[in-house]
Amino acid sequence: MYKDVLSPTDEDFGFTKVCISRKITDLDYDLWCDSLGKERKRDLEPFVMIRKIIEDSEVWLSIKISDNPYVICGEIADIKGLDGVFKYIKVHKNELLMHWFGEIDDLDLLNILYTRGRFL
């Protein structure tokens with residue numbers, strides 16, 4: 001994980017992220033968006049996270065928010081469905097970046113993504 005960014009094993013992790021449910025996105029994974037992006041160091045690339053449970057353990061990936069999303073942190077072995085996640089990030093890049101930079105809050109992001117519905 002990134003320095004100064006809570007890892008999923010920290011008890012306060014949930015207080016620094018908003019979860020975009022797979023029920024909204026129709027993806028294989030929930031997206032975890034950093035609510036404190038604007039407070040991060042400037043050299044930290046904007047990212048979202050996904051989680052997969054593999055044999056009683058969690059695997060977390062950090063994915064860059066951009067026109068060409070890619071995994072910037074985490075092991076991608078046994079993670080399927082990333083193309084859909086990458087496409088979703090690309091389609092909703094502007095809103096995800098607005099959230100990262102504090103132009104909209106968690107509730108605004110959820111409302112925007114919910115009202116747009118599934119993109120596929």
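Given the structure is predicted, the values throughout are model-derived calculations rather than measurements.
- Among all heavy-atom pairs drawn from Ile20 and Cys33, the shortest one is CG1-SG, 3.8 Å.
- Of all heavy-atom pairs spanning Ile79 and Lys52, the tightest one is CD1-CB, 3.5 Å.
- Formation of a donor-acceptor pair under 3.5 Å by the Arg22 side chain with backbone atoms of Leu27 is not found in this model.
- Here the rule is salt bridge (Lys or Arg N to Asp or Glu O under 4.0 Å) with Asp67, and of Lys87, Lys90, Lys93 only Lys93 fits it.
- Ser66 and Ile89 make their closest contact through N-CG2, 4.1 Å (heavy atoms, listed as atom of the first residue, atom of the second, distance).
- The residue from Val18, Asp105, Val48, Asp108 that alone fulfils the side-chain contact (heavy atoms from CB on, under 4.5 Å) condition with His99 is Val18.
- Within the 4.5 Å cutoff, no side-chain heavy atoms of Glu95 are placed close to those of Leu97.
- With rounding to the nearest 0.5 angstrom, the NE2 atom of His92 is 10.0 Å from the CG atom of Leu109.
- Between the CE atom of Met98 and the CD1 atom of Ile65 there is a distance of 12.5 Å, given to the nearest 0.5 Å.
- The line from CD of Glu45 to SG of Cys73 is 10.5 Å long, rounded to the nearest 0.5 Å.
- Here Ile50 contributes atom CD1 and Trp60 contributes atom CH2; the two are 9.5 Å apart, rounded to the nearest 0.5 Å.
- Across all their heavy atoms, Pro69 and Phe86 have their closest contact at CG-O, 3.3 Å.
- Taking both residues in full, the closest heavy atoms of Tyr70 and Ile72 are given as CE1-CG2, 3.1 Å, listed atom of the first, atom of the second, then distance.
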Report task. Report the C-alpha distance between Lys17 and Trp32 in whole Å, list the side-chain angles of each, state the deciding distance to 0.1 Å, and finish with yes or no for side-chain contact (heavy atoms from CB on, under 4.5 Å). Result -> CA-CA 6 Å; Lys17 307 288 183 279; Trp32 295 81; 3.8 Å; yes

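- What you find for Ser35 and Asp106 is that their closest heavy atoms are OG-OD1, 2.8 Å.
- Going from atom OH of Tyr88 over to atom CG of Leu113 covers 4.0 Å, rounded to the nearest 0.5 Å.
- Separating the CG atom in Asp30 from the OG atom in Ser21 is a distance of 5.0 Å, to the nearest 0.5 Å.
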